[in-house]
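Side chains included, hydrogens not; waters and symmetry mates left out as well; all remaining heavy atoms used. What you see is a predicted model, and the numbers here were worked out from it, not measured in a lab.
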Amino acid sequence: MMKKGAGMDTQVSTVAKLELEPRVEKEQHSDYQPEAIQLHRELEQRIETRTQELNQVRRRLQEEIRLHKDTSKRLLLVNRIVEKAHFAIIITDAEQTILYTNPAYTRLTGRLGSDVCGKKASINQSGRHDSDFYQHMWQTLNEDDYWEGEVWDRRADGSHFMKYLSIETVRDDHGDINHYFAIFTDLSDQKRTEQELERLTHYDPLTDLPNRILFRNRLGHEFNIATRHNSKTGLILLNIDRFTLINQAFGFDKGDQLLIEVAKRLKLCIRCTDLLARQEKRIERDADMMSRMGGDDFSFILSELREPEDAAVVARRLTDAFEKPFHVDGEEVYLSASMGISVFPDNACEEEELIQQSQAVLDRVKQEGKGGYRFYSDDQNRSSAERVRLETKLRKAMAGNEFMMYYQPKVDLKTGDLMGMEALLRWPQPGGGMIPPGDFIPLAEDTGLIRGLGEWIIRQAISDTQTINQQRDVPLKIAINLSVRQFRNPELVDTISGIIGDSGIDPALIEFEITESMLIEDVDEACQTMANLRELGVELAIDDFGTGYSSLAYLRHFPVKTLKIDQTFIRDLSQGENSESIINAIIGLGLGLGLSVVAEGIETEGQLEFLKNSGCHIGQGYRIARPMPLADLLKDYS
């Protein structure tokens, strides 16, 4: 049996041991606790960082999914729009092989997309454009990555239609072309509408004759042509006598039918180059071919008359047209007509004045009993005596050296640099003002005075050119007009050769302008004269190009270096696309033949910009500079 004291000591010792063991264990592990805690914390940090990264990835995936859905919606919308678009869309590869067409392409061309995909885009070519057209189109497209314009196309059934086409290039990141994207629309309805508007604007709906708007445009054009070609323009105003009785007897409907028959018969009395016009009001006559205000007035423009009396030949034919009866409502009706005639430039130099003169003499015929024709009377117009006095005055002016030269600058349309000038004759008067060239140049031609006057012009223009070039680093070229009689004068070449020798000028600085009409009567002789002039070292230009009748087959044989676009085409630029097409054609022709192209009569900024963009080389006109005396030219350009 254990002793009581010993048992207690053992028990105490055991308890003490038990109390001490945990303390020792704690002391043994206390050295490792900070490292474990650090590892635990780092693990928790990595888990938190990874969780954040995963959350970011999740959010990005969610955003990409959303964007993908939005892109899919937009692509679906774009696809629906493209599929339903009224304009045709074509996509090709870099070799112009069709990859895609929309339904509008099928509607416009009649060709299924499945039939054309894999084929060349040229499958629709109409054959109406030459290789130069397509060469220029692709050159522009490859240089500018864009081209647009009107193009003839062919449908699947073989019919042709005009379309407005725009093509764009699609390039990769390296700048290489990998696709072409084209859009086009059918212009057929638009063209028909334009033609209908043109007809409604410029033609009388009853007789289908030109109206007063077209008449006025043509009359002004004929004035310019007559001035340049030293010819005359005749104007006849015709009124049907007592036509009011026809309307009273048969009614206005039958009267209109009779006017249609009259118009048809009158058309047969004029040359195709003359214009017949129906007036709306005789007093306000300003139509181009014909106008109607329920009246019975007609107008005739007689182009390029040699003598005023030539208009009487037409007037007699018009009178004869009324000798046979007309038929109205089954009855025969005899009519007569009264006519008044005036001539440009003999009677007037302004359109309105010429019209008023014809109207005045027409009224006189009516007052004297109706029927027949009469020219504008001497007491209302410049008489023959005035013509004689003008000739005398012209001779005195030549003897007294009363004429002076004006010069109109010609500039490079790309750079704006002054390239040359055109010599223009002026006749100043002691009391101020000047006699228009249209008044005395035809008289000088008729009397033969143009030979002496023309020689003076050449000599003075060359002398003035030498004067201004002495003050310039870059010499200017002088352009001098030759009249018909000058050009046909056998002594012309010798005269010019002598003037060049006397002046010492470089002949390459001289350019003689010759109108188309001067070349047509005897082409072979004209070619020989031009060749003789070129041997002198001078240059030649065809003036008023586009208004004459010279054959293009001869043009490439003419030793000319310049084509000069007639200013009537420049002035008509704002009236439609016809003048633009003519100008572009002349420029293209000139470029193709290696010729310089000059545009005259530039008066507006729009005309100037169009000509610049069309590739015209040189321009002149009031927008650039007005004709000026030598002193002003020296002041402004030396």
**OP:** Would you please test Arg623 and Glu605 for salt bridge (charged side-chain N to carboxylate O under 4.0 Å, His left out) and show each step?
**Re:** CA-CA 7 Å; Arg623 175 59 184 81; Glu605 184 66 25; 2.3 Å; yes
If you look only at distance, which donor and acceptor atoms sit under 3.5 Å apart when one is on a side chain in residues 404-411 and the other is two or more places apart or in another chain?
| unit_1 | atom_1 | unit_2 | atom_2 | d |
| --- | --- | --- | --- | --- |
| Tyr407 | OH | Asp464 | OD2 | 2.5 |
| Gln408 | OE1 | Gln620 | NE2 | 3.0 |
| Gln408 | NE2 | Ala625 | O | 3.2 |

**OP:** For residues Leu413 and Ile618, report the shortest heavy-atom separation together with the two atoms involved.
**Re:** CG-C, 3.9 Å
**OP:** Using a 4.5 Å cut-off on heavy atoms from C-beta on, say whether the side chain of Thr392 contacts that of Arg395.
**Re:** no
**OP:** For Met530 and Ile514, work out which heavy atoms get closest and say how close.
**Re:** CG-CD1, 4.0 Å
**OP:** Start with the C-alpha distance between Arg316 and Tyr373, add both sets of side-chain angles, then the distance that settles side chain to side chain contact (heavy atoms under 4.5 Å, CB included), and finish with yes or no.
**Re:** CA-CA 8 Å; Arg316 285 191 290 269; Tyr373 64 89; 3.3 Å; yes
Original post:
Does a side-chain heavy-atom distance below 4.5 Å link Tyr376 with Asp346?
Top reply: no
Original post:
Atom CD1 of Ile478 and atom OG1 of Thr465: how far apart are they, to the nearest 0.5 Å?
Top reply: 4.0 Å
**OP:** Mind telling me whether Phe344 and Phe223 have parallel, tilted or perpendicular rings, with 30° and 60° as the class edges?
**Re:** parallel
Subject >> Non-hydrogen atoms of Ala461 and Ala423 that approach each other most closely >> reply: CB-CB, 3.9 Å
Subject >> salt bridge (Lys or Arg N to Asp or Glu O under 4.0 Å) against Arg626, all qualifying residues, sequence neighbours excluded >> reply: none
Subject >> Nearest-0.5 Å distance that lies between atom CG in Leu235 and atom CD in Gln359 >> reply: 10.0 Å
Original post:
Hey, does Phe298 have a side-chain heavy atom less than 4.5 Å from the side chain of Leu209?
Top reply: yes
Original post:
In Å and rounded to the nearest 0.5 Å, what is the CD1 to CD1 distance from Ile480 to Ile510?
Top reply: 6.0 Å
**OP:** Report the C-alpha distance between Met628 and Lys635 in whole Å, list the side-chain angles of each, state the deciding distance to 0.1 Å, and finish with yes or no for side chain to side chain contact (heavy atoms under 4.5 Å, CB included).
**Re:** CA-CA 11 Å; Met628 62 187 73; Lys635 178 182 177 181; over 6 Å; no
Original post:
CZ of Arg451 to OG1 of Thr495: how many Å apart, nearest 0.5 Å?
Top reply: 8.0 Å
Subject >> Spatial distance of atom CG (Leu266) from atom CD1 (Ile236) [nearest 0.5 Å] >> reply: 10.5 Å
Subject >> Short side-chain to backbone donor-acceptor contact, Gln460 and Trp456, under 3.5 Å >> reply: no
Subject >> Nearest atoms (heavy-atom pairs only) where Ile602 meets Gly619 >> reply: CD1-CA, 3.7 Å
Original post:
More than 12 foreign heavy atoms under 6.0 Å from CD of Glu350: is that the case here?
Top reply: no
For residues 318-334, which side-chain N or O atoms pair as donor and acceptor with protein atoms under 3.5 Å away, sequence neighbours left out?
| unit_1 | atom_1 | unit_2 | atom_2 | d |
| --- | --- | --- | --- | --- |
| Thr319 | OG1 | Ala315 | O | 3.0 |

Subject >> Evaluation steps, side-chain hydrogen bond (donor to acceptor under 3.5 Å, both in side chains), between Asn584 and Glu580 >> reply: CA-CA 6 Å; Asn584 284 326; Glu580 293 183 6; 5.5 Å; no
Original post:
Do Ser358 and Ile355 have side-chain heavy atoms sitting under 4.5 Å apart?
Top reply: no
**OP:** Examine distances only and state if a side-chain atom of Gln607 and a backbone atom of Ile570 form a donor-acceptor pair shorter than 3.5 Å.
**Re:** yes
Original post:
At their closest point, which heavy atom of Ser483 faces which heavy atom of Asn230, and how far apart are they?
Top reply: CB-ND2, 4.4 Å
**OP:** Check the pair Asp241, Lys366 against side chain to side chain contact (heavy atoms under 4.5 Å, CB included), reporting the backbone distance first and the verdict last.
**Re:** CA-CA 8 Å; Asp241 299 325; Lys366 287 283 191 181; 2.6 Å; yes
Original post:
Tell me, do Phe440 and Leu425 make a side-chain contact under 4.5 Å, heavy atoms counted?
Top reply: yes
Subject >> Close side-chain approach of Arg242 and Ser336, heavy atoms under 4.5 Å >> reply: yes
Original post:
Between the side chains of Asn239 and Ser338, does any donor sit under 3.5 Å from an acceptor?
Top reply: no
Subject >> Where Val597 and Ile586 come nearest, the two heavy atoms and their spacing >> reply: CG2-O, 4.5 Å
Subject >> Enclosure of Lys612 NZ (heavy-atom neighbours >12, cutoff 6.0 Å) >> reply: yes
Subject >> Donor-acceptor pair between Asp253 and Gln257 side chains, under 3.5 angstrom >> reply: no
Original post:
Leu258 versus Phe243: any side-chain heavy-atom pair under 4.5 Å?
Top reply: yes
Original post:
Does a side-chain heavy-atom distance below 4.5 Å link Val361 with Ile341?
Top reply: no
Original post:
Is there a donor-acceptor contact under 3.5 Å linking the side chains of Glu353 and Asn347?
Top reply: no
Subject >> Reported CG-to-CD distance for the pair Asn481 and Gln486, which is rounded to 0.5 angstrom >> reply: 9.0 Å
**OP:** Might you work through the side chain to side chain contact (heavy atoms under 4.5 Å, CB included) test for Ser342 and Phe375, ending with a clear yes or no?
**Re:** CA-CA 6 Å; Ser342 58; Phe375 282 89; over 6 Å; no
